[in-house]
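A short worksheet on the structure shown next.
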Number of protein chains: 2
Amino acid sequence: MNIGNAAEKASLPAKTIRYYEEIGLITPGRAENGYRDYSDNDVHRLRFLQRSRSLGFTIDECRLLLSLYDDKQRASADVKAMALEKVAEIERKIADLQSLRDTLSTLARHCHGDGRPDCPIIDDLAGEGVSA
Amino acid sequence: MNIGNAAEKASLPAKTIRYYEEIGLITPGRAENGYRDYSDNDVHRLRFLQRSRSLGFTIDECRLLLSLYDDKQRASADVKAMALEKVAEIERKIADLQSLRDTLSTLARHCHGDGRPDCPIIDDLAGEGVSA
DNA sequence: GATAGGGCTTCCAGTAACTGGAAGGTCAAG
DNA sequence: CTTGACCTTCCAGTTACTGGAAGCCCTATC
């Protein structure tokens, strides 16, 4: 099947699929007219990629995941370890964002937000305002 | 003062400071030997940049914030609106990450994580596993 | 048979915000 | 006078695409 079709089935832009090919994540066949030709298995891989990317795995992690997917002998422990490490990473990011949000809301709460030039947010950024 | 000194005072790498100059966020003077020469006010701006970047504002937002900082007549409402929009954006990101984390932990919980090749995480990525 | 359109191809460039490294000038200490 | 730290510029690389140009392929319609 052509790239447009595969793109639709995998919920990925065609551009992205070509990019994945460029970096060696997938190698579809070619039709006689030079068009890429995707098998059902190719589409399967693309979906795998789409899903793992949307779960926050980097491209390199997806590469590893795909090789585990291809390896019928892989240990589930390897995959579980990656997933758990990813969970921890996501939780660190969440904590960072929460503290960011708290700081910013505190700042905003202290700002009267009218037409006057006086602004505690700017003052804080300038290093002389409320401590969040 | 030299860039190394300014970098230390602003808690920013010298490389980053040069980059900020390149994109027009700051324009220090030059000493006779060609070295950049930072005034106290320059350091102030750098700190402002450091803090607003660390609060999650993009460079373009920092540019705007700096212009509000420079503008003694600006309305605090403008700044407050930016801060609140940023808070909303951060909260969206947090929610996304939380759902990501939940999906991944569910997956990991269903994985026995031993030496056997059978792995629900891979199965899910392949589109045939547990629904998280 | 000409043409219009949509899809496909390749290649080049740009994004955000730096970061690393090479080649070389400047300065203070020993 | 040399060593080492610090400074300069410029170029390249990072992540994961995305946009666009130039041009081929295929089908349908007039």
Side-chain angles (χ1 to χ4, degrees), chain A residues 1-39 42-43 45-66 86 89-90 93 96-97 100, chain B residues 1-39 42-43 45-66 86 89-90 93 96-97 100:
Chain A
M1 105 193 42
N2 283 352
I3 197 170
N5 211 316
E8 196 175 346
K9 288 198 184 179
S11 311
L12 281 173
K15 272 266 178 188
T16 301
I17 296 179
R18 288 195 200 94
Y19 171 69
Y20 286 170
E21 180 177 347
E22 193 187 320
I23 62 174
L25 285 178
I26 191 168
T27 22
R30 291 283 174 148
E32 294 198 350
N33 59 9
Y35 286 16
R36 288 172 179 80
D37 186 21
Y38 295 86
S39 69
D42 288 334
V43 171
R45 278 177 92 83
L46 287 174
R47 266 211 267 250
F48 185 105
L49 252 2
Q50 190 282 326
R51 178 124 174 89
S52 39
R53 284 291 297 131
S54 77
L55 284 175
F57 290 98
T58 66
I59 288 283
D60 270 355
E61 286 164 341
C62 290
R63 204 185 293 276
L64 183 49
L65 246 13
L66 263 184
K86 205 39 136 178
E89 188 184 318
I90 292 170
K93 271 189 206 164
D96 284 354
L97 286 176
L100 220 58
Chain B
M1 98 194 47
N2 283 351
I3 197 169
N5 211 316
E8 197 176 347
K9 288 198 183 179
S11 309
L12 282 172
K15 272 264 177 190
T16 301
I17 296 179
R18 287 193 202 96
Y19 171 69
Y20 286 170
E21 180 176 348
E22 194 186 321
I23 62 176
L25 285 178
I26 192 171
T27 21
R30 293 282 174 150
E32 295 198 352
N33 58 10
Y35 287 17
R36 288 172 179 80
D37 185 21
Y38 295 86
S39 69
D42 288 333
V43 172
R45 279 178 91 81
L46 288 173
R47 266 212 267 251
F48 185 104
L49 251 4
Q50 189 282 325
R51 178 124 174 90
S52 38
R53 284 290 299 129
S54 77
L55 284 175
F57 289 98
T58 65
I59 289 282
D60 271 356
E61 286 164 342
C62 290
R63 205 184 293 276
L64 182 50
L65 246 12
L66 264 183
K86 205 38 132 180
E89 189 184 317
I90 292 170
K93 270 190 208 165
D96 284 353
L97 286 176
L100 220 59

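Each chain gets a letter, A, B and so on, in the order its sequence line appears, and its residues count up from 1.
- Taking every heavy atom of both residues into account, B/Cys62 and B/Leu49 meet most closely at CB-CD1, 3.8 Å.
- A/Phe57 comes within 4.0 angstrom of nothing in the nucleic acid, heavy atoms only.
- Nearer to the 5' terminus of DNA chain C, by closest-nucleotide assignment, is the contact made by A/Asn5 (compared with the other of A/Asn5 and B/Pro13).
- In this structure, A/Asn2 places its CG atom 7 Å from P of C/dT9, rounding to the nearest Å.
- At least one side-chain nitrogen or oxygen of B/Asn33 sits closer than 4.0 Å to the OP1 or OP2 atom of C/dC27.
- Mapped onto DNA chain C by nearest heavy atom, A/Arg30 and A/Tyr35 fall at different nucleotides, with A/Tyr35 at the one closer to the 5' end.
- The side chain of A/Lys15 lies closest to D/dG19, out of C/dA17, D/dC17, D/dG19.
- A straight line from CG of A/Leu25 to P of D/dA16 spans 10 Å, rounded to a whole angstrom.
- A/Ile59 has its CD1 atom 17 Å from the C1' atom of D/dG13, to the nearest Å.
- Among the protein residues, B/Arg36 comes within range of the sugar-phosphate backbone only, with heavy atoms under 4.0 Å from sugar or phosphate atoms but none that close to a base.
- Atom CD of B/Glu32 is separated from atom C1' of C/dG25 by 16 Å (rounded to the nearest Å).
- At D/dC17, one or more side-chain N or O atoms of A/Arg53 fall inside 4.0 Å of OP1 or OP2 (strictly under the cut-off).
- When atom types are taken as modelled, the side chain of A/Lys86 and the backbone of A/Gly56 share a donor-acceptor pair closer than 3.5 angstrom.
- In this structure, A/Thr58 does not reach the D/dT15 phosphate: none of its side-chain N or O atoms is under 4.0 Å from OP1 or OP2.
- Put simply, B/Tyr20 has no side-chain N or O that comes within less than 4.0 Å of OP1 or OP2 on C/dA17.
- Salt bridge B/Arg63/B/Asp60: present, at least one basic N to carboxylate O contact under 4.0 Å.
- Rounded to whole Å, atom P of D/dT9 lies 7 Å from atom CZ of B/Arg18.
- A/Ile23 comes within 4.0 angstrom of no nucleic acid atom, judged by non-hydrogen atoms across all strands.
- Taking atom CG of A/Asp37 as the reference point, atom P of D/dC25 lies 17 Å away to the nearest angstrom.
- Going from atom OH of A/Tyr19 over to atom P of D/dT14 covers 10 Å, rounded to whole Å.
- When the P atom of D/dC17 is taken as reference, atom CZ of A/Arg63 falls 12 Å away, rounded to whole Å.
- In this structure the side chain of B/Phe48 reaches within 4.5 angstrom of the side chain of B/Leu65, judged on heavy atoms.
- By the 4.0 Å N-to-carboxylate-O rule, B/Arg36 lies too far from B/Glu22 to be salt-bridged with it.
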